[in-house]
Peer 1: 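Take this structure, written in structure tokens, and hold onto it; I'll ask about it next.
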Amino acid sequence: MTDPFKSGYASIVGRPNVGKSTLLNRLMAQKVAVTSNRPQTTRNKITGVLHLPGAQIILLDTPGIHQSDRALNEMMVRASVSTFSDVDLLLVMLSADSGFCADDEFVLNSMRGVKTKKVLVINKIDLVDKSKLLSLMDEMNQKSLFEEIIPISALKEDGLDQLKSLILNYLPEGPEYFPKDMVTDCPENFLFGEIIREKILKLTRFEVPHSVAVVVEDMYEQNNGVVQIDATIYAEKDSQKKILIGEGGSMLKNIGRQARQEIEKRLGAKLFLKLFIKVKANWRDQKRTIKEFGYTHDSF
Ligand SMILES: Nc1nc2c(ncn2[C@@H]2O[C@H](COP(=O)(O)OP(=O)(O)OP(=O)(O)O)[C@@H](O)[C@H]2O)c(=O)[nH]1
Ligand SMILES: [Mg+2]
């Protein structure tokens, strides 16, 4: 007799920048979420469906949990917190190099009273020596909050097979929730907008990365087989718009070139990427605009 099919949900949660989206991508063996070295990169819940022999793991990548009064940030945190009780397993992530800090404490406080089983994933172990890792594991073990603690390096793909089998142990018998060819519920044009935003996160600094939203307005195939994407980059201030355009248009060109190369690879077709820049003052404080930009959350 064959083993029964297993399926269920595991949510990756933690403070910003610990490597949640990197883990999702590495487990999926493809880019589903954008990543960057800036905190608050992910702005909404992203689903990745991992199809395994005899099992299906539905992974949720969530925005980093943090404190902020802005409507956008509130929505981001809510998107993460709302997964807590809806999943079979919470993968709570820490970063080994920074250890357990006040921001991680805030994350643990936000899950007080949550009954869902929790496994602690200590990421970025490639950045620390063994003794530092062992003392962090010991410190976290004493909190008696976690079923297990697993050290990994998402970036170096160290410990990922062990993590996959660990997740499977917590999943119930269940159906194939998603068809085999489905890897994410994220629409393609949203991901393309995110790829453009990722290049902006990489190429700009100070307050610019956080103030930017990218909306793909249109995507269609021209008669010659070239795909055209029209996308608008929104900033909050004229000064930010100026930075995004750059001297003689150099920054915008660079953003466009890097995004185009990546999107072309995914499409397997030539791309004409048309970028516009607009200013929408204080959009991060306006719930309606946040929704218009595609950062939606059900209870928001
Ligand atoms: N050295 C090292 N760096 C890592 C590892 N995992 C992720 N990173 C880096 O950490 C940074 C943040 O990674 P993300 O995956 O964007 O982090 P996140 O937790 O999704 O961040 P938010 O979306 O802002 O909450 C990036 O520069 C990654 O390359 C790891 O295992 N080792
Ligand atoms: Mg992320």
Side-chain angles (χ1 to χ4, degrees), residues 10-48 59-68 70 72-84 90-101 103-104 106-108 110-111 120-130 132-133 136 149-164 184 186 190-191 193-195 197-205 207-214 262 284 295 297:
S11 183
I12 311 167
V13 300
R15 70 172 170 81
N17 217 32
V18 288
K20 300 178 294 299
S21 303
T22 305
L23 176 63
L24 176 75
N25 291 341
R26 296 302 162 119
L27 285 173
M28 298 294 301
Q30 62 178 287
K31 185 162 170 174
V32 184
V34 299
T35 63
S36 88
N37 59 4
R38 307 203 182 278
Q40 298 165 34
T41 296
T42 306
R43 287 178 172 164
N44 44 354
K45 187 175 76 186
I46 295 166
T47 306
L59 295 158
L60 305 178
D61 174 28
T62 65
I65 295 168
H66 63 285
Q67 279 172 294
S68 166
R70 279 182 188 270
L72 175 68
N73 301 71
E74 242 176 66
M75 183 278 299
M76 286 160 59
V77 173
R78 215 176 296 182
S80 177
V81 170
S82 71
T83 67
F84 287 179
L90 282 172
L91 298 169
V92 184
M93 191 179 269
L94 286 191
S95 177
D97 60 326
S98 35
F100 182 69
C101 58
D103 292 343
D104 298 307
F106 181 74
V107 173
L108 293 192
S110 71
M111 48 185 69
L120 184 71
V121 179
I122 300 184
N123 189 30
K124 307 196 189 182
I125 58 166
D126 53 293
L127 296 178
V128 298
D129 59 33
K130 251 212 162 91
K132 186 167 174 186
L133 176 61
L136 178 60
I149 298 179
I150 178 167
I152 65 157
S153 168
L155 198 65
K156 308 273 183 209
E157 304 194 2
D158 186 4
L160 299 197
D161 285 339
Q162 290 89 325
L163 178 60
K164 266 189 236 172
T184 182
C186 229
F190 183 81
L191 178 63
E194 287 286 271
I195 289 172
R197 193 168 64 86
E198 185 188 62
K199 305 311 166 204
I200 297 170
L201 292 178
K202 198 168 120 192
L203 293 168
T204 64
R205 54 181 94 181
E207 92 283 26
V208 181
H210 287 129
S211 62
V212 162
V214 178
E262 187 171 333
R284 283 180 290 168
Y295 304 122
H297 181 251

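Each ligand, and each atom within it, is numbered from 1 in the order the structure gives.
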Peer 1: Considering only non-hydrogen protein atoms, determine which one is nearest to atom 15 (O) of ligand 1 and report residue, atom name and distance to 0.1 Å.
Peer 2: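 Nearest protein contact, heavy atoms only, for atom 15 (O) of ligand 1 is Thr22 OG1, 2.5 Å.
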Peer 1: Considering only heavy atoms, which of Thr42, Asn123, Val128 lies nearest to atom 6 (N) of ligand 1?
Peer 2: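 Considering heavy atoms of Thr42, Asn123, Val128, the nearest to atom 6 (N) of ligand 1 sits in Asn123.
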Peer 1: Does the distance from a Lys or Arg side-chain N to an Asp or Glu carboxylate O, for Glu74 and Arg78, drop under 4.0 Å?
Peer 2: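 Yes.
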Peer 1: If you measure from each non-hydrogen atom of Ser153 to ligand 1, which part falls under 4.0 Å: side chain, backbone, both or neither?
Peer 2: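 It is both backbone and side chain that touch ligand 1.
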Peer 1: What I want to know is whether Asp61 and ligand 1 share at least one N or O pair that is separated by under 3.5 angstrom.
Peer 2: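 So ligand 1 has no N or O lying under 3.5 Å from an N or O of Asp61.
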Peer 1: Give the minimum heavy-atom separation between Tyr295 and Val214, together with the two atoms involved.
Peer 2: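 Minimum heavy-atom separation between Tyr295 and Val214: OH-N, 4.2 Å.
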Peer 1: Under 3.5 Å between any N/O of Pro16 and any N/O of ligand 1: does that happen in this structure?
Peer 2: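 Not met; the criterion fails.
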Peer 1: Which donor-acceptor pairs under 3.5 Å do the side chains of residues 152-161 make with protein atoms, sequence neighbours left out?
Peer 2:
from	atom 1	to	atom 2	distance (Å)
Ser153	OG	Asp126	OD1	2.8
Ser153	OG	Lys156	N	3.1
Glu157	OE2	Arg26	NH1	3.4

Peer 1: Does any N or O of ligand 1 fall below 3.5 Å from an N or O anywhere on Lys20, backbone included?
Peer 2: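 Lys20 vs ligand 1: N/O contact under 3.5 Å present.
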Peer 1: If you measure every N/O of Val34 against every N/O of ligand 1, is any gap under 3.5 Å?
Peer 2: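 No, Val34 has no N/O under 3.5 Å of an N/O on ligand 1.
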Peer 1: Sort out for me which residue in Ser80, Ser21, Ser11 forms a side-chain hydrogen bond (donor to acceptor under 3.5 Å, both in side chains) with Asp61.
Peer 2: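 Answer after filtering Ser80, Ser21, Ser11: Ser21.
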Peer 1: Counting heavy atoms only, which of His66, Lys202, Arg38, Lys124 comes nearest to atom 4 (C) of ligand 1?
Peer 2: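 The residue whose heavy atom sits nearest atom 4 (C) of ligand 1 is Lys124.
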Peer 1: With a 4.0 Å cut-off, would you call Lys31 and Glu198 a salt bridge?
Peer 2: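 Yes, this pair counts.
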Peer 1: Using non-hydrogen atoms of the residue, decide whether Gln40 is closer than 4.0 angstrom to ligand 1.
Peer 2: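 Per 4.0 Å heavy-atom rule, Gln40 contacts ligand 1.
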Peer 1: Taking non-hydrogen atoms only, is Asn17 closer than 4.0 angstrom to ligand 1 via side chain, backbone, both or neither?
Peer 2: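 For Asn17, the contact with ligand 1 is made by both the backbone and the side chain.
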Peer 1: Looking only at distances, can you tell me whether any N or O atom of Gly19, backbone or side chain, sits closer than 3.5 Å to an N or O atom of ligand 1?
Peer 2: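 For ligand 1, there is an N or O atom that lies under 3.5 Å from one belonging to Gly19.
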Peer 1: Could you tell me whether Ser36 approaches ligand 1 through its side chain, its backbone, both or neither, with non-hydrogen atoms closer than 4.0 Å?
Peer 2: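 The answer is the backbone of Ser36.
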Peer 1: Does any N/O atom on Val18 come nearer than 3.5 Å to any N/O atom on ligand 1?
Peer 2: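 Yes, there is a polar N/O contact under 3.5 Å.
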Peer 1: Should Arg15 be counted as touching ligand 1, given the test is an N or O pair under 3.5 Å?
Peer 2: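 Min N/O separation from ligand 1 is not below 3.5 Å for Arg15.
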